[in-house]
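FYI, the numbering just counts along the sequence from 1.
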Amino acid sequence: MRRRTMLVGAGASVLVAGCDAPARLASLPEKMRGAASFRGLPPDARVVLDGSDDAVLGRIATEGLRREFAYAAKTGVQEVGPATYLAISGGSEDGAYGAGLLTGWSALGTRPEFKGVTGVSTGALIAPFAFLGPDYDQELERFYTTIGRRDVMTSRGLITALLRDSLYDSAPLMRLIRSGLTPDVVTAIGREYSEKGRLLLVGTTNLDVPVGVLWNIGAIAASGRGDAAELIAKILLASASIPGAFPPVMMDIESGGRHFQEMHVDGGTVAQVVLYPPSFSSNDFRFEHAPETERLRATIAKRPFRLYIIRNARPGPDLETVDRSTLTIAGRAISALISAHGIGDLYQLFVLARRDGIDYNVTWIPESFSERPSEPFERGYMNRLFQVGRTAIASGNAWSKYPPGFNPVPLGGQRVTAG
């Protein structure tokens, strides 16, 4: 959906809404965080992206590498190949671009099996199928070419919206997410995690702090919990829940016999695309045995790493004559802020890639596609944008080695190399 319109409407409702907002439990006090648990989730089920959970992320990465080695030995593979990662941004209905690009990539026969996939907002909805591979392209195409506005949201009406926590009801979107998370899909995600060490991570925002959170979907899928599919659906919904437009998703947490809640919303609130926090480094990997340590460190040191980023947006805001009205001006400013924030995320990943020796590749909706949807999740618009994604990858020119607007020739005149 068009974030600017929805966020401005949400902001306007805040001006007149007040005491009738839905009740909730208190948020978790910082001093109790270390002893908190999320309804029996495995300890590596989530990573807070403020640097405090870098050791948890290091443990996840180390265990993933161990499983990958074990699977290679089991299948007779002598040496693991390059580690390829995919990061998918938010963008609402513009996720049709990423879906089209991925299915077109499959048609070329060159799409790799990703060691890890991260997704935020609409990218979180794409991520499970991107993670599972070309066999699930039909689900991607269905999600972004056959649905419409009523399949995603319903209006709550002006009065209800002003007194509640959002303008729209996200129940249709939850039904859509559940329809894709079949038992076979959840089982397959868990198997890829537990057998091959592949990682599927989805970003939300804990609005109480606020801070980004990466949820380890593979660990949850492999946990054996009877409600794993429902919990994953809840996380995907939270990742796509634009604050004020959709209701927040409340996550129950317990510490010291007391119950609390975290309010989770769209991961794009703090990061529109993410791989890992910049504080994370090789010092956070957890190696326990000397022979294993030597092998794992050697693999990390010499293994080629590649990163592909799909930005489901254009490189910058569009030209528009802005009316001199409060909401229009605020809306335009919010739109510009969101766009600049998204570009900044691409630059952060570019810096991380250069630091860690990762081959950086990014794609975005080409400026030549100038259409705009007439309403959120307009089916015709998404179908056309889906084809733009397929055409972009087929052309061989979809990927850039640099983020939008970056000139690799410095003031001194010597070109900065990528990678």
Side-chain angles (χ1 to χ4, degrees), residues 1-12 88-104 120-123 125-126 140-141 143-155 167-168 170 172-173 176 240-246 266 268-269 272-273 310-343 345-346 362-393 395 398 404-405:
M1 70 208 67
R2 306 262 52 88
R3 278 175 178 257
R4 181 183 66 178
T5 303
M6 303 188 79
L7 287 175
V8 168
I88 315 170
S89 83
S92 300
E93 65 271 342
D94 285 344
Y97 175 74
L101 185 138
L102 284 165
T103 61
V120 172
S121 196
T122 199
L125 306 182
I126 295 172
L140 270 181
E141 185 167 359
F143 204 97
Y144 285 95
T145 64
T146 67
I147 68 168
R149 178 174 180 161
R150 278 185 271 182
D151 299 300
V152 177
M153 58 191 183
T154 54
S155 174
L167 295 172
Y168 298 92
S170 59
L173 177 57
L176 192 61
S241 294
I242 299 171
F246 283 167
D266 191 336
T269 306
Q272 292 177 37
V273 65
I310 298 175
R311 173 165 164 77
N312 293 301
R314 294 169 181 81
D318 316 306
L319 177 64
E320 179 181 320
T321 300
V322 181
D323 294 334
R324 294 189 62 172
S325 69
T326 300
L327 293 183
T328 304
I329 293 169
R332 184 62 169 172
I334 290 172
S335 176
L337 178 62
I338 291 172
S339 177
H341 180 26
I343 297 296
D345 291 334
L346 298 182
V362 60
T363 185
W364 54 81
I365 298 174
E367 293 182 84
S368 59
F369 183 76
S370 58
E371 292 188 39
R372 295 293 181 273
S374 60
E375 66 173 8
F377 293 93
E378 181 199 336
R379 185 178 300 174
Y381 171 85
M382 290 194 294
N383 272 268
R384 291 186 291 275
L385 186 53
F386 183 88
Q387 293 303 322
V388 168
R390 289 184 65 90
T391 300
I393 193 71
S395 72

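Applying the ring-ring contact (aromatic ring centres under 6.0 Å, His included) test to Phe369 and every residue at least two apart in sequence or in another chain returns Tyr381. Glu378 pairs by the salt bridge (Lys or Arg N to Asp or Glu O under 4.0 Å) definition with Arg384, not counting sequence neighbours. Judged as a side-chain hydrogen bond (donor to acceptor under 3.5 Å, both in side chains), and not counting sequence neighbours, the contacts of Thr122 are Tyr144. Not a single side-chain hydrogen bond (donor to acceptor under 3.5 Å, both in side chains) links Ser241 to another residue, sequence neighbours left out. Residues that satisfy the side-chain hydrogen bond (donor to acceptor under 3.5 Å, both in side chains) test with Ser325, not counting sequence neighbours, are Thr328. Residues meeting the side-chain hydrogen bond (donor to acceptor under 3.5 Å, both in side chains) test with Thr145, sequence neighbours left out: none.
What you find for Arg379 and Gly148 is that their closest heavy atoms are NH2-N, 4.1 Å. The two residues Gly268 and Val120 make their nearest non-hydrogen contact at N-CG1, 3.2 Å. The two residues Glu371 and Arg314 make their nearest non-hydrogen contact at O-NH2, 2.8 Å. Closest heavy-atom contact between Phe246 and Ala240: CD1-O, 3.7 Å. Of all the heavy atoms in Pro376 and Met153, the pair that sits closest is CB-CE, 3.4 Å. The minimum heavy-atom distance between Arg311 and Ser89, with the atom names listed, is CA-OG, 3.3 Å.
Rounding to the nearest 0.5 Å gives a distance of 6.0 Å between CZ of Phe377 and CD1 of Ile147. Considering CG of Leu101 and CD1 of Ile88, their distance stands at 10.0 Å, rounded to 0.5 Å. Going from atom CG of Asp94 over to atom CZ of Arg372 covers 8.0 Å, rounded to the nearest 0.5 Å. Summarising the geometry, atom CG belonging to Leu385 is positioned 10.5 Å from atom OG1 belonging to Thr391; distances are rounded to the nearest 0.5 Å. One finds the OG atom of Ser368 at 10.5 Å from the CD1 atom of Ile365 (value rounded to the nearest 0.5 Å). Rounding to the nearest 0.5 angstrom, the gap separating the CD1 atom in Ile343 from the CD1 atom in Ile338 is 13.0 Å.
For the pair Thr269/Pro243, a side-chain contact is recorded, criterion being any heavy-atom separation below 4.5 Å from C-beta on. You'll find the side chain of Leu125 reaches within 4.5 Å of the side chain of Leu173, heavy atoms only. Using a 4.5 Å cut-off on side-chain heavy atoms (C-beta onward), Tyr168 and Val152 make no contact.
Side chain of Thr103 to main chain of Ala99: a donor-acceptor pair is present (N/O by atom type, distance under 3.5 Å, no hydrogens or angles). At least one donor-acceptor pair closer than 3.5 Å links the side chain of Ser395 to the backbone N or O of Ala392.
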Does the pair Asn312 and Ile126 meet the rule for a side-chain contact (heavy atoms from CB on, under 4.5 Å), with working shown?
CA-CA 11 Å; Asn312 293 301; Ile126 295 172; 4.2 Å; yes

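Around atom CD of Glu367, no more than 12 heavy atoms belonging to other residues, nucleotides or ligands sit under 6.0 Å away.
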